[in-house]
Chemist: 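Below: one structure in structure tokens.
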Amino acid sequence: MSAENLEHYAPAEYWNRTIRGYINAGGYFGYWGGRLVDNFLTKVPAATRTVLELGCGGGQDARRLSDAGFEVTAMDLSSEAVDYARRSHPDAAITWVVGDMATPLPFDDAQFDMVVSNQALHMFPHTVTVRVFEEIARVIRPGGLLAFHVNSLKDRPHRHGYKPAARELESDFVIESDGQTMHFFSGEYVHSLLKGWSEISLRDVQAEVHDNGVHEKWMFCVTALAPRGDETAQAD
Amino acid sequence: MTSPMRRESLEEAIDEGLSTILRRYLNVDPEAELPTDVDLVILGLDSLGAVSLVLELEETYGVEIPDALLTEASFQTAASIQRLMDSLRTARGAGE
């Protein structure tokens, strides 16, 4: 059996343990703090009402979207993250869901006007990543906006500097010493995942990460419109 | 998700000696810490290596690993092997 066949990615237990660390340390959940949402809010089509967020973590982005007037469903693999998010935003009308986006999503076809994911779609090996994007294409309505941030290939040397890769499991997909899995996306890779989507936009976003020092961080902010009926060659 | 606080999530520590042995059977970057909570198959352990690993552990630690303990659970991660070795050495110590 090869590691490649295992389709391994950091499990819920990894994220529960990690999130417990963030909560105990009291600092993490304010860090990205909904700011990434601002990179694509201006692109949201006028008719957008329902939004699905995949990988909601502490729920700041979901909160920001909810405050902006959207009807938000927010999902995370970690039950502890979802509990924390629910506790932190008791006044927000957000539907919180514990679920693994790498398995069939517990939502109807075309249920959402928009799908959002910040720094979460890059946790999976290639075959799983493809399935995640197929599921996104299924639950988003035709013409709906998909907006996400992922670590780009440009981030790889910076990240390895403070979080070395223990093993490269696949091309550009590594497992780190604490068990986190990370897939670095090239522009070509993003485009390959969005075949059939329209108005695809990729933008380099630079940020910083604090991890025993301050480190340079590079992401792609990606937006695209879901295939419409007659273009959905691969989405049915 | 990335974070400024990830060092707070602690994994179980394993002995340096065990780490050195395991690395010989795995495909882990020598510059990186050995992941202690990750399935050893993910880290490159194959079935042939697993057999040799058991023999080397028995020789190095001076213990015999009973068949009943040669399970997937006890050999799944570096941390589980550490626990197994600790318990076998404790058991041997108690019998002497």
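Each chain gets a letter, A, B and so on, in the order the sequences are listed, and its residues count up from 1. Everything numeric here is computed off the predicted structure, so don't read it as measured data.
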Chemist: I need the residue from B:Pro35, B:Ser47, B:Pro30 with the largest number of non-hydrogen atom pairs under 4.5 Å to chain A.
Modeler: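 Most heavy-atom pairs within the cutoff with chain A belong to B:Pro35.
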
Chemist: Any chance you could measure B:Asn27, atom CG, to A:Glu168, atom CD, to the nearest 0.5 Å?
Modeler: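 These two atoms lie 10.0 Å from each other.
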
Chemist: Which pair of non-hydrogen atoms, one from B:Val41 and one from A:Arg167, has the smallest distance, and what is that distance?
Modeler: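 Looks like O-NH1, 4.1 Å.
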
Chemist: So, for B:Val38 and A:Gly179, which heavy atoms are closest and what is the spacing to 0.1 Å?
Modeler: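 Looks like CG2-CA, 3.6 Å.
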
Chemist: Looking only at heavy atoms, what is the nearest atom pair of A:Ala165 and B:Ala32, with distance?
Modeler: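 For A:Ala165 versus B:Ala32, the nearest heavy atoms are O-CB, 3.5 Å.
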
Chemist: Select one option (side chain, backbone, both, neither) describing which atoms of A:Ala10 are under 4.5 Å from chain B's heavy atoms.
Modeler: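 Answer is neither: A:Ala10 stays 4.5 Å or more from chain B.
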
Chemist: Quick one: pull up CG in B:Asp37 and CD in A:Glu13 and give me the separation to the nearest 0.5 Å.
Modeler: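 The distance works out to 8.0 Å.
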
Chemist: Looking at A:Leu169 and B:Ile42, what are the two nearest heavy atoms and their distance?
Modeler: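 So the minimum-distance heavy-atom pair works out to CD2-O, 3.4 Å.
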
Chemist: When you look at CG of B:Leu55, are more than 12 heavy atoms from neighbouring residues, nucleotides or ligands closer to it than 6.0 Å?
Modeler: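 Atom CG in B:Leu55 is crowded, with more than 12 foreign heavy atoms closer than 6.0 Å.
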
Chemist: Tell me whether the count of non-hydrogen atoms from other residues, nucleotides or ligands lying under 6.0 Å of CD in A:Gln206 goes above 12.
Modeler: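 Correct, the count exceeds 12.
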
